[in-house]
Amino acid sequence: MLNSKIINWYEFNKRDLPWRNTTNPYNIWISEIMLQQTQVVTVIDYYHRFINSFPTIKDLALASEQDVLNHWQGLGYYSRARNLHQAAKFIVDNYNGVFPNSFDNILKLKGIGVYTASAIAAFAFGLSKAAVDGNVYRVLSRLFGVYELTNSPKGKKTFQLLADELMANAEPHIYNQAIIEFGALQCTAKKPMCEDCPLQAQCFAYLNKEQNSLPTKKKKIKLTNRYFYYLYIFSEEHFLLQQRGDGDIWRKMFEFPLIEANNRIELVDLIHTETWRSLFVDVKIEVKDQLATKVHKLSHQNLHIEFISVKVDRDSMNKFSSFICIDKEKAINFPLPKPIESYLARA
DNA sequence: CAACCGTGGCG
DNA sequence: TCGCCAAGGTT
């Protein structure tokens, strides 16, 4: 059997990961959300910190959204953290704090789609659900020579059916872990290790030298460019932050006062913009320096970011009523996007 | 459905 | 340098 070969491979090659030593649905849930589009090595530290601070669903539900976001700082895709928090509150309110044990109810939780619901159902409750993630798409497409696009609705159906068939009577929690781990370690996206692969004889891609053509994916859309001018407005002990709103990147996170432009602007022109002038009316300032543009790449946007540091005397700091004046020591309490965090670490 | 949503690493 | 990829989900 094909699946028993994969399971056998797994027993000899699996990594010892923290969320594999438990069947606690809460712990598995946290790990699965963190692992979405994120590599294992990145997740491990975040996972430990998160579980330490919020050991149970109730602890998470009672935390503030800002505290939860703070634990997510640097991990990316921050809606995952907000959804996690909402779902925890929902479980406390509707299920008395007990994680639901049916696939349908798991799937209803915010931030949980078909993959994650299947993974939790299988890992925590032993339910017979094939979890199909990027690893599984890759393994199945190569193994069986499926050229359908893995990110199209049609392709997803095909691969789900294939995965369901391949699982057959295997233990769901072992089978799912096995094929995912197999994709992560052996049947990798780049330079798969076909030489010592136990599935060589049955693998379409290996037999036809098509490893690099599979899986197939729809191309990504073009990136848009945005130009951010961040003002690090500071006195001896304080600096200014503002909270981002909804409907854009980094929702609810904190950033410096921002001037956004459609194109690149020189500092000499920037200080004549309306925003700049309205900002510093009646305030004595000293422009300290301007950092060279750095391009911060998001999944769909290139952010061209420049930081301009502006020194202001202590008494003038409270004239900026629309911003939050923060003690330099307390920046750690605010969830910051990566570029802001990095800037503060240097400043 | 297609666009949107972070960040780090690799070849 | 740069495009792609990594245990996807929501609107």
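Chain naming here is simple, since letters A, B, ... match the order of the sequence lines and numbering starts at 1 in each.
As judged by a 4.0 angstrom heavy-atom cut-off over every strand, Leu75(A) is placed among the base-contacting residues. The residue Ile179(A) sits apart from the nucleic acid: no heavy atom pair falls under 4.0 Å. If you check every strand for non-hydrogen atoms under 4.0 Å, Ala131(A) touches nothing. Residue contacts shown for Ala189(A) are limited to sugar-phosphate atoms, with no base heavy atom under 4.0 Å away. At a threshold of 4.0 angstrom between heavy atoms, the contacts of Ser31(A) with the nucleic acid are absent. Counting non-hydrogen atoms under 4.0 angstrom, Lys190(A) reaches a base of the nucleic acid. At the heavy-atom level, Gly183(A) lies nowhere under 4.0 Å from the strands shown. Trp72(A) comes within 4.0 angstrom of no nucleic acid atom, judged by non-hydrogen atoms across all strands.
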**Q.** Test salt bridge (Lys or Arg N to Asp or Glu O under 4.0 Å) applied to Lys284(A) and Glu286(A), step by step
**A.** CA-CA 7 Å; Lys284(A) 249 194 201 168; Glu286(A) 185 185 344; over 6 Å; no
Q.
Show, in sequence, the C-alpha distance, side-chain angles and deciding distance for Arg20(A) and Asp16(A), and conclude whether the salt bridge (Lys or Arg N to Asp or Glu O under 4.0 Å) test is met.
A. CA-CA 7 Å; Arg20(A) 285 208 177 129; Asp16(A) 183 22; over 6 Å; no
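Here the separation of dG6(B) from dT11(C), taken at their P atoms, is 14 Å to the nearest Å. Spacing of P atoms, dC4(B) relative to dA7(C), comes out at 25 Å, to the nearest Å. Between dC4(C) and dA3(B), the distance separating the two P atoms is 16 Å to the nearest Å.
When the nucleotides dT7(B), dA7(C), dC5(C) are ranked by their closest atom to the side chain of Asp133(A), dA7(C) comes out on top.
Here Lys338(A) reaches the OP1 or OP2 of dG8(B): one of its side-chain N or O atoms lies under 4.0 Å away. Here His296(A) does not reach the OP1 or OP2 of dG6(B): none of its side-chain N or O atoms lies under 4.0 Å away. The phosphate of dA7(C) has neither OP1 nor OP2 within less than 4.0 Å of any side-chain N or O from Arg15(A). Under 4.0 angstrom from either OP1 or OP2 of dA6(C) there lies no side-chain N or O belonging to Gln39(A).
In this structure, Leu35(A) places its CG atom 8 Å from P of dG8(C), rounding to the nearest Å.
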Which protein N or O atoms sit under 3.5 Å from an N or O of nucleotides 1-5 of chain B?
residue, atom, partner, partner atom, Å
dA2(B), OP2, Lys218(A), NZ, 3.2
dC5(B), OP2, Gln301(A), NE2, 2.7

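A donor-acceptor contact shorter than 3.5 Å links the side chain of Asn176(A) to the backbone of Pro172(A).
A donor-acceptor contact under 3.5 Å is formed by the side chain of Thr38(A) with the base of dG6(B).
In this structure, Leu298(A) and Trp250(A) have side chains that are in contact, with non-hydrogen atoms separated by less than 4.5 Å.
Geometrically, Arg80(A) does not engage Tyr77(A) in a cation-pi contact defined by less than 6.0 Å to the ring centre and at most 45° from the axis.
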